[in-house]
Amino acid sequence: MKRIATIGFFDGVHTGHRYLFEQLLRLGTERNMRPLIVTFDVHPRSVLQSDYIPQLLTTADERRSLLSQYGEVLMLPFSEVQPLTAEAFMRFLHDRYDVTAVVMGYDHMFGSDRLRHLQDYRLVGSKIGIEVLSTGEFTEGEWHVSSTEIRNALMNGNIAVANELLGRPYSLRGTVVHGKEIGRTIGFPTANIVTNTPDKIIPKSGVYAAQVNTPTLNDAPAFVNIGTNPTINNRSEHDERKTEIHPLSIEVHIPSFRGDLYGQELELRFLRFLREEKQFRSIEALQRQIKADIDSILRRV
């Protein structure tokens, strides 16, 4: 069966991407073609720009899993296809994968020659035997949906907007490691997380409501603190203020859980931003605030 393809990195596999895939499925059904989603193993900028530091919404494995819901997924090594012009790349897809139609997303370009207009792609495709189709821009309320918009929302702690544009809760995966274990001394034991995905963006420092998944927990309500724990770290043994710089940490308190999670992989799904991280005047004040935060989380379960 002939294939109809769409091409892109698709970081986040957000609502705008899914709108494109719905058009791909519809057009494929109308033309009796099998849908094919062509993506790349790494972000193109990481190959084109040596100093680029990725801040991704999804890992390659996450993207593949999400994309597979909409069709066959072809994940290509970007370093190998990067030198190809639009014509050479379309010819490669036509000859190797029997692609006879391509659906272009809004404002999308591909090929080393960076053709700028849809008509240019259509002229190239007509020489090869590929029909080039297009879709309009997708918006979500007042938002123009893009991976950049979602990254900005996460960096600003605007989880509600990020999740709306993603169409699902933003998530991080990490391994539970030993920390200072101060949380248990103040009545709120926490799991200290080291992310397994260093290229994924970490939301703004602050306190979040979340859900936790492990091999033994399923969508367990959780309290997440991203930051430097200023109330604990900026006080000495004599309760004097300190000004040391401490590394960013991700700590998770699961109210319903009692046990040992050390060494386990844990998935965090961020639901709501509760408040900024701040330094309290006393440990007792911090305890009262954490209890209020947890009560707020449990009321919304």
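Computed from a predicted model, the values in this text were never measured in an experiment.
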Requested in this report: Find the distance between OG1 (Thr197) and CD (Glu62) and round it off to the nearest 0.5 Å.
Outcome: 6.5 Å
Requested in this report: Examine distances only and state if a side-chain atom of Ser112 and a backbone atom of Leu84 form a donor-acceptor pair shorter than 3.5 Å.
Outcome: yes
Query - Ser249 side-chain N/O to Gly227 backbone N/O, donor-acceptor pair under 3.5 Å - result: yes
Query raised in the report: Would a 4.5 Å heavy-atom cut-off, applied to side chains only, mark Val224 and Leu268 as touching?
Result: yes
Query raised in the report: Salt bridge between Arg299 and Asp295, side-chain N to carboxylate O under 4.0 Å?
Result: no
Query raised in the report: Which of these, Val212, Val207, Val252, sits in a side chain to side chain contact (heavy atoms under 4.5 Å, CB included) with Phe223?
Result: Val207
Query raised in the report: For the ring pair Tyr97 and Phe92, is the centre-to-centre distance below 6.0 Å?
Result: yes
Query raised in the report: Is any side-chain heavy atom of Gln69 less than 4.5 Å from a side-chain heavy atom of Phe21?
Result: no
Query raised in the report: Are Asp98 and Arg3 close enough for a salt bridge, meaning some N to O gap below 4.0 Å?
Result: no
Query - Euclidean distance, Thr195 OG1 relative to Leu248 CG, rounded to 0.5 Å - result: 9.5 Å
Query raised in the report: With a 4.5 Å heavy-atom cut-off, do Arg122 and Glu131 have their side chains touching?
Result: no
Query raised in the report: Would a distance-only check, ignoring hydrogens and angles, find a side-chain to backbone donor-acceptor pair under 3.5 Å from His178 to Tyr262?
Result: no
Requested in this report: Might you work through the side-chain contact (heavy atoms from CB on, under 4.5 Å) test for Gln82 and Phe40, ending with a clear yes or no?
Outcome: CA-CA 10 Å; Gln82 182 271 327; Phe40 309 106; over 6 Å; no
Query raised in the report: Distance under 6.0 Å and angle within 45° of the ring axis: does Lys200 meet both against Tyr170?
Result: yes
Query raised in the report: Tell me, do Leu76 and Phe89 make a side-chain contact under 4.5 Å, heavy atoms counted?
Result: yes
Query raised in the report: Are Leu115 and Leu118 connected, step by step, through hydrophobic side chains (Ile, Leu, Val, Met, Phe, Trp, Tyr) whose heavy atoms are closer than 4.5 Å?
Result: yes
**Report entry** Thr58 and Asp11 side chains, donor-acceptor separation under 3.5 Å
**Finding:** yes
Query raised in the report: What's the shortest heavy-atom distance between Thr39 and Gly8, and which atoms?
Result: OG1-O, 2.9 Å
**Report entry** Salt bridge Glu22-Arg26, side-chain N to carboxylate O under 4.0 Å
**Finding:** no
Query raised in the report: Got a donor-acceptor contact below 3.5 angstrom from the Glu30 side chain to the Leu27 backbone?
Result: no
Query raised in the report: Would you say the side-chain atoms of Tyr121 pair up with the backbone N or O of Phe110, donor to acceptor, closer than 3.5 Å?
Result: yes
Query raised in the report: Considering all heavy atoms of both residues, which atom of Leu165 and which atom of His14 are nearest to each other, and what is their separation?
Result: O-CB, 3.3 Å
Query raised in the report: Between His43 (side chain) and Pro54 (backbone), is there a donor-acceptor pair under 3.5 Å?
Result: no
Query raised in the report: Any donor and acceptor pair, going by atom type alone, linking the side chain of Asp113 with main-chain N or O of Ala86 inside 3.5 Å?
Result: yes
Query raised in the report: Are Val99 and Met109 connected, step by step, through hydrophobic side chains (Ile, Leu, Val, Met, Phe, Trp, Tyr) whose heavy atoms are closer than 4.5 Å?
Result: yes
Query raised in the report: So, for Val176 and Ala191, which heavy atoms are closest and what is the spacing to 0.1 Å?
Result: CG1-CB, 3.9 Å
**Report entry** Of Val81, Asp41, Val42, the residue whose pairing with Val47 passes side chain to side chain contact (heavy atoms under 4.5 Å, CB included)
**Finding:** Val42
Query raised in the report: Considering only heavy atoms from C-beta outward, does the side chain of Pro221 approach that of Leu298 to under 4.5 Å?
Result: yes
Query - Minimum heavy-atom distance Ile159-Phe273, with the two atoms named - result: CB-N, 4.3 Å
**Report entry** Side-chain heavy atoms of Gln289 within contact of Asp293, under 4.5 Å
**Finding:** yes
Query raised in the report: Any sub-3.5 Å donor-acceptor pair from Thr6's side-chain atoms to Val103's backbone N or O?
Result: yes
Query raised in the report: In Å, rounded to the nearest 0.5 Å, how long is the span from CG of Asp199 to CD of Gln55?
Result: 8.5 Å
Requested in this report: Check whether NZ of the Lys or CZ of the Arg Arg63 lies under 6.0 Å from the centre of the six-membered ring of Phe9 and within 45 degrees of that ring's axis.
Outcome: yes
Query raised in the report: In chain order, what residues pass the side-chain hydrogen bond (donor to acceptor under 3.5 Å, both in side chains) check against Thr216, with sequence neighbours excluded?
Result: Thr214
Query - Between Asn225 and Thr190, a side-chain donor and acceptor under 3.5 Å - result: no
Report summary line: Between Tyr70 and Leu25, the two heavy atoms sitting closest are O-CD2, 3.1 Å
Report task. Would you confirm whether Asn163, through its side chain, and Phe270, through its main-chain N or O, come within 3.5 Å as a donor-acceptor pair? Result -> yes
Query raised in the report: Does the side chain of Pro203 come within less than 4.5 Å of Leu172's, by heavy atoms?
Result: yes
Query raised in the report: Does the side chain of Leu266 come within less than 4.5 Å of Asn213's, by heavy atoms?
Result: no
**Report entry** side-chain hydrogen bond (donor to acceptor under 3.5 Å, both in side chains) assessment of Gln49 paired with Asp51
**Finding:** CA-CA 6 Å; Gln49 186 177 329; Asp51 61 348; 3.2 Å; yes
Report task. Verify the distance criterion only: is there a donor paired with an acceptor across the side chains of Asn196 and Glu265 at less than 3.5 Å? Result -> yes
Query raised in the report: Under 4.5 Å between side-chain heavy atoms, hopping through other hydrophobics if needed: is there a path connecting Val102 to Ile4?
Result: no
Query raised in the report: Does a salt bridge link Glu149 with Arg151, judged by any charged N lying under 4.0 Å from a carboxylate O?
Result: no
Query raised in the report: Nearest heavy-atom pair of Arg18 and Val13: which atoms, and what distance?
Result: NH1-O, 2.8 Å
